[in-house]
Amino acid sequence: MSKDYDVIVIGAGPAGYVAAIRCAQLGLKTACIDKWLNRDDSAAFGGTCLNAGCIPSKALLESSELYHRAQHEFSTHGIGTGEVTLDIAAMQKRKDGISRQLTSGIASLFKANGVEGLHGAGCIVSTGEVEYTPREGDVKTLSCEHIIIASGSEPTQLPMAPFDGEYILDSWDALDLTEVPGRLGVIGAGVIGVELGSVWSRLGSDVVLLEAMDGFLSGIADGQIAKEALRQYKKQKLDIRLGTRVKGAEVKDGKVEVTFTVKDEEQTETFDKLIVAVGRRPHTDGLIKSDTSLELDDKGYVAVDSSYRTNLPNVWACGDCIGGLMLAHKGSEEGVAVAEIVAGHQAQVNYATVPSVIYTMPEVAWVGQTEEALKSAGVEYRSGSFPFSANGRAKALEQPVGLVKILADAQTDRILGVHMVGPYVSELLAEAVVAMEFGASSEDLALTMHAHPTLSESVHEAALAVDGRAIHALNKKKR
Ligand code: FAD
Ligand code: NAD
C-alpha cells in the first residue's frame, strides 16, 4: 500500500521548514507538522527563530538602538530633534508585524514548493507512522517512508527562579514586555542576556546581569574579543556581575527579590522584572509514543550519528534538538543535509565554519578557533589585528570601537579563526567564513582589494597585520 508521504518533518523552525522545502525540491512528497501557537493563539510556522527568537530580538535591537542614538548621538551630528519620545506599543507592533510577514512567507514557500504545511502536533507512533493532532478536527495517523525530527529547544528553567510569565520571565516574555521595567535583572550574561539586556537598557531600564562564570563569554568567544566587548557593555552601563551564584528569587509586593552570593558574600537585589537566560534545552515533549524507543543522550538531545540518523530506521533529526551550537543557520544547514541524505545523495555540514554573532552595538562576531583553543591544542599560529578606531568608515558611523583579529597557521598561513567586535561585524564576518570555507591563507585576504572607505578595510588590514605589514596601524614585531 502506498504511503501518505515520502517524508514527514516534525517542527517548522529553521531546521524543519528548510528540510521540508529541500525534500520537496528533491521530488519527495513532503508534509511538515508544527504545533507553534503565538500569544494571540494564532498558529505560525518558523519556530522559535521567527516567532520568539532571532527575528523579534533583532527588530527590538534595531528600534532600541535608534532610540538610543536619537537621544545620545544625533546632537554630535548637529541634528536637533526636540524631546525624543518612546511608544513601546508601536515598537512591539512593528516587531510583531515583521514576524508575521516572515512566518506567512514560510506558508507561501510551502505552497510554492508543494510542501503540505500542517498546524498541530506530531507524535511518532513507530517507524513510518506519525499521529497528527490538528488544532481542530480528528486525530489522524499518517504513514510515510521517512520522518525528520526538528522539534527545537526551549528555555532552561532554574528551580530556584521558576518562570511565572509576569515577574520571572523567559526570553519570549522578555521580548513582549509592554512597559520599560525600571530595574531589570537578568540571570545569565550569555548571548540572550546581553542582547535583551541591551534592548531594555537602551530603552531606559537599569540592567543588572548576574553571571555564574568568573569569565565573560568564556569558552565561546575569543578572550581578547570578550574582554573588549565587556569593556564596551560596561561603558553602556550594563552592570555585568561575574562569578555570581543565584540562591533564590522571590516575588514580593510586585517586585522580584533575588538573593545571590559573590565570593561567598550574600547579596540581595530587587528588580521590577527578572529575565532568566541560562541556556536552552532540547524540546522532545510529546514527540514520541511512550512505547517507541527513540534514543536520547544523557542531556535529553535526540541522539544521531554523523548522517543525522537516529536509532530508529528511517527516522532522522536536525537542529537544536540534536545539540551542538543552538543557531538557526546551523539548523538550516543540517536540514538541507538531511534532506539530501534522505533523497539518496551525499551531504555534510562543515562545523568548523559555523559563524557566531552577538547583535549588540558594538556587535561581536567570530568563526573558527579562538586564540585560547589554539594555545591549548599546541597549534603554532600568527595573529594580526586592526582597531576600528583607525577605520575612516567607523569614524563616519560614530562607531570607532573594537577590532578585527585574524589567527593563521604559523607554517601554512591558513586562516584558523577570525574574531571581531565592532560596528556591523555580523556583515563583515561573511568574508571570513567564505575565506575559511575556501581554505584561504591570511595572505589571500591581504592580496584582496577592499573598497574604501568601508568597515571591511579593517579585515584587510588585520590580514596584512598577520605578516606585520598593516599600513594604517603600527605592526607588532614580526615573529
Ligand atoms: P525551533 O526554532 O525551536 O523550532 C522547532 C519547532 O518545532 C517549533 O515551532 C515547535 O513548536 C515545533 N515542535 C516541537 N515539537 C513538536 C511536535 N511534537 N509536533 C509539532 N511541532 C513540534 N539563532 C541565531 O542563529 N541567530 C540569532 O540571532 C538568534 N537569536 C535568538 C534569540 C532568542 C531570544 C532565542 C530564544 C533564540 C535565538 N536564536 C538565534 C536561536 C534560534 O532561534 C534557534 O537556534 C533556532 O530557532 C533552532 O531552530 P530549530 O528549527 O531547531 O528549532
Ligand atoms: P548561553 O549559553 O549563551 O548563555 C547562558 C549564560 O548563563 C552562560 O553565560 C552561563 O554561564 C550562564 N548561567 C548558566 N546557569 C547560570 C546560573 N544558575 N546563574 C547565573 N548564570 C548562569 O544561553 P542563552 O543566552 O540562554 O541563549 C540560548 C541559546 O540561544 C544559545 O545557544 C544561543 O546560541 C542562542 N541564541 C543565539 C543568539 C545569536 O545568535 N545572536 C541570540 C540569542 C540566543
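Positions are given from 1 along the sequence. Computed from a predicted model, the values in this text were never measured in an experiment. Note that ligands are numbered from 1 as they come in the structure, with each ligand's atoms numbered from 1 the same way.
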Undergrad: To check your reading of the model: name the closest protein heavy atom to atom 12 (C) of ligand 1, its residue, and the distance in Å.
TA: Asp34 OD2, 3.3 Å
Undergrad: Over all heavy atoms of both residues, which pair between Ile220 and Trp366 is shortest? Give the atoms and the distance, please.
TA: O-NE1, 3.6 Å
Undergrad: Under a 4.0 Å heavy-atom cut-off, which residues neighbour ligand 2?
TA: Lys58, Leu158, Ile187, Gly188, Gly190, Val191, Ile192, Glu195, Leu210, Glu211, Ala212, Met213, Ala277, Val278, Gly279, Arg280, Met326, Leu327, Val357, Tyr359
Undergrad: Considering only heavy atoms of Gly47, which atoms of ligand 1 have at least one such atom less than 4.0 Å away?
TA: 2 (O), 4 (O), 8 (C), 9 (O)
Undergrad: Is a donor on one side and an acceptor on the other found under 3.5 Å between the side chain of Asn314 and the backbone of Ile147?
TA: no
Undergrad: Are the side chains of Thr30 and Asp6 in contact, using a 4.5 Å heavy-atom criterion?
TA: no
Undergrad: How would you list, by chain and number, every residue that makes a salt bridge (Lys or Arg N to Asp or Glu O under 4.0 Å) with Lys58, sequence neighbours excluded?
TA: Glu195
Undergrad: Enumerate the atoms of ligand 1 whose separation from the nearest heavy atom of Cys49 is less than 4.0 angstrom.
TA: 2 (O), 43 (O), 47 (O)
Undergrad: Relative to the heavy atoms of Ser57, which atoms of ligand 1 are at a distance of less than 4.0 Å?
TA: 32 (C)
Undergrad: Give a yes or no on this: more than 12 heavy atoms of other residues, nucleotides or ligands lie within 6.0 Å of atom CG of Asp305.
TA: yes
Undergrad: Donor-acceptor pairs under 3.5 angstrom involving side-chain atoms of residues 325-335: please list them, not counting sequence neighbours.
TA:
{"from": "His329", "atom 1": "NE2", "to": "Pro355", "atom 2": "O", "distance (Å)": "2.8"}
{"from": "Lys330", "atom 1": "NZ", "to": "Gly319", "atom 2": "O", "distance (Å)": "3.2"}
{"from": "Lys330", "atom 1": "NZ", "to": "Gly323", "atom 2": "O", "distance (Å)": "2.7"}
{"from": "Lys330", "atom 1": "NZ", "to": "Glu334", "atom 2": "OE1", "distance (Å)": "3.1"}
{"from": "Lys330", "atom 1": "NZ", "to": "Glu334", "atom 2": "OE2", "distance (Å)": "3.1"}
{"from": "Ser332", "atom 1": "OG", "to": "Pro14", "atom 2": "O", "distance (Å)": "2.9"}
{"from": "Ser332", "atom 1": "OG", "to": "Ala328", "atom 2": "O", "distance (Å)": "3.2"}
{"from": "Glu334", "atom 1": "OE1", "to": "Gly319", "atom 2": "N", "distance (Å)": "2.8"}
{"from": "Glu334", "atom 1": "OE2", "to": "Tyr351", "atom 2": "OH", "distance (Å)": "2.6"}

Undergrad: Looking at ligand 1, is there an atom of it that comes within less than 4.0 Å of some heavy atom belonging to Pro56?
TA: no
Undergrad: Tell me whether Lys330 reaches ligand 1 (any heavy atom closer than 4.0 angstrom to a ligand atom).
TA: no
Undergrad: May I have the list of side-chain donor-acceptor pairs in residues 268-275 shorter than 3.5 Å, sequence neighbours left out?
TA:
{"from": "Glu269", "atom 1": "OE1", "to": "Arg183", "atom 2": "NH2", "distance (Å)": "2.3"}
{"from": "Glu269", "atom 1": "OE2", "to": "Arg241", "atom 2": "NH1", "distance (Å)": "2.9"}
{"from": "Glu269", "atom 1": "OE2", "to": "Arg241", "atom 2": "NH2", "distance (Å)": "3.0"}
{"from": "Asp272", "atom 1": "OD1", "to": "Lys255", "atom 2": "NZ", "distance (Å)": "2.7"}
{"from": "Asp272", "atom 1": "OD2", "to": "Gly182", "atom 2": "N", "distance (Å)": "3.4"}
{"from": "Asp272", "atom 1": "OD2", "to": "Arg183", "atom 2": "N", "distance (Å)": "2.7"}
{"from": "Lys273", "atom 1": "NZ", "to": "Glu166", "atom 2": "O", "distance (Å)": "2.7"}

Undergrad: Of all the heavy atoms in Lys58, does at least one lie under 4.0 Å from an atom in ligand 1?
TA: yes
Undergrad: Looking at ligand 1, would Gly319 count as a contact under a 4.0 Å heavy-atom criterion?
TA: yes
Undergrad: For the CD atom on Glu427, are there more than 12 heavy atoms of other groups (residues, nucleotides or ligands in this structure) within a distance under 6.0 Å?
TA: no
Undergrad: Which of the atoms in ligand 1, numbered in the order shown and given with their element, are less than 4.0 Å from a heavy-atom of His329?
TA: 25 (O)
